[in-house]
Amino acid sequence: MQISWDKLRNNDEQEWKNLFRQHAEFLYAYGMKFAHNEDLVKDIIQELFITIYEKRNSLSEPVSMRAYLCMSLRNRLINEFKKEQAVSLEESDYSFTLYIDDESADEEEKQYKKIQNLLNKLTSRQREVVYLKYFKGLSNEEIALTLGINKQSVANLLSEAIRQMKKDASFILFLLLILRRIIGL
Amino acid sequence: MKEVELINILEKISSDDGYTLSFEEEIHLKEAFSHIPLLDEKPGENVLDEMEERLFSKNIIFEKSEKRIIHWRRYLSVAALIAVLFGCGLWIKNMDMKYVTGSNEQLAFVLPDKSEVKLNENSSVEYNKFLFYFNRNISMKGEAYYIVTKGQKFTVETPTHLISVLGTRFMVSETDKFDVFCYEGKVLVESLDKKEKKILTKGRSFGSDKVMLEDEPTWVSHKYVFNSAPLIDVVEALEKEYKISIENKEICKGLSFTGAFPVNNLNLALDLILAPYNMSWEQIQSDHYKIKNN
């Protein structure tokens, strides 16, 4: 559903609710990848919406609302980590973790757990890009906006990540599993 | 999608840094990833509802938020300022000083600038101890004698006139008729309606053009206040004040007196002094009196 920036500006409460509902779940999941701290993530999401609301008149419509929200959430979280740490962090030092769901009852799917090792070998930044790109379907432009880097850097990070994973034998297994799955369907 | 295709895509990506995937290729890759059971944290059942509730209802945001959160803070600072001002006002008001004398009472006191004020009977003087440091301003009724130390303008306000000086000695009386007597320096007297204005120099008064010879008001030097004084001394002081002679003073011996007597009413003065000892008096000649035991 397309959110109308004009309606938001005009204080249409329903439209604000739609905006919140449309993005909250994704933002929550994304935020939790940085820090497994539900309260922190919830607070920051709320602050985020409050800030956008307060700035709605001075703010021009974001090219991509989703990327804008992701960027704000990410910056706020990283700021929060910096505050906690006495020694200032290099931006690349933030952690971004991806976990494979091992609760799955499906025996076959448990094979995927091996992929966890693959993901663990990537840098936080690579994991983040892979997550946004392949799991969440953001475009390179949106990812560039979110991370505050240029499009080419996003493409580079993605290919670095794939290359890194390909080095591992279990990647082939991963592909085979995927194929089996697809053919099985 | 075939395995080969996927491997091709991956080959392309890893061999060429700048390679951009076609739209279709990206779809393939995404589909492959979508089969990974990634643990994507979902907010608990009511978490989103709670957040929405907090965001949109009365508490935090929207509509009211700007007014509530931000404006409250502004109101709070205004309220604090008002409270502080009010407190200061109270504190300053608390520094109001008032001196009142009843009949047959006199009072002398020193102002914060070391100026002296002597109040005659049935008079009152008011000033604010705090504001006096910035503005030497006094309001009065009745009769008062001022010995003002040199400094900033010193003003005395009566219900009808304004008297201003820099440093001088003067007496203000408005018991019967308003008048100011200047004993030293210069005094400016103005009526509040600005119609009358007169500058007094030493020995001049506001009410008449006659030159005074006294160096201070007669009532000022009359210090007929006694504290456990021998009654006989009190009677002698009375004789001197009223220029009379009193017989049979001996019966006062051994008695002591605490109190004051007026200087303008002999009968009253005698009554006041003698009544506590159960004594009375009689007039023998115009300036001759006799005390007797009842």
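A note on names: the letters A, B, ... follow the listed sequences, proteins ahead of strands, and every chain is numbered from 1.
- Glu38(A) touches chain B through its side chain: at least one heavy atom from C-beta onward sits under 4.5 Å away, while N, CA, C and O do not.
- Listed options Leu98(A), Val130(A), Val41(A) were ranked by heavy-atom pairs under 4.5 angstrom with chain B; first place goes to Leu98(A).
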Below 3.5 Å, can you tabulate the donor-acceptor pairs from side chains in residues 138-147 of chain B to any protein atom, sequence neighbours excluded?
{"residue": "Glu143(B)", "atom": "OE1", "partner": "Asn120(B)", "partner atom": "ND2", "Å": "2.8"}
{"residue": "Glu143(B)", "atom": "OE2", "partner": "Ser173(B)", "partner atom": "OG", "Å": "3.0"}
{"residue": "Tyr145(B)", "atom": "OH", "partner": "Arg169(B)", "partner atom": "NH1", "Å": "2.6"}

*asked:* Test salt bridge (charged side-chain N to carboxylate O under 4.0 Å, His left out) on Arg76(A) and Glu80(A); report intermediate values, then the result.
replied: CA-CA 6 Å; Arg76(A) 276 159 195 269; Glu80(A) 209 60 38; over 6 Å; no

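- The aromatic rings of Phe34(A) and Phe81(A) are tilted relative to each other, their planes meeting at an angle between 30° and 60°.
- Looking at Lys151(A), neither its backbone nor its side chain comes within 4.5 Å of chain B, counting heavy atoms on both sides.
- Residue Tyr30(A): no heavy atom, backbone or side chain, is found under 4.5 Å from chain B.
- In terms of heavy-atom pairs under 4.5 Å with chain B, the best-connected choice from Phe26(A), Phe20(A), Tyr131(A) is Phe20(A).
- In this view, Glu196(B) satisfies the salt bridge (charged side-chain N to carboxylate O under 4.0 Å, His left out) rule with no residue, not counting sequence neighbours.
- Taking a cutoff of 4.0 Å between a charged side-chain nitrogen and a carboxylate oxygen, Lys33(A) and Glu128(A) do not qualify as a salt bridge.
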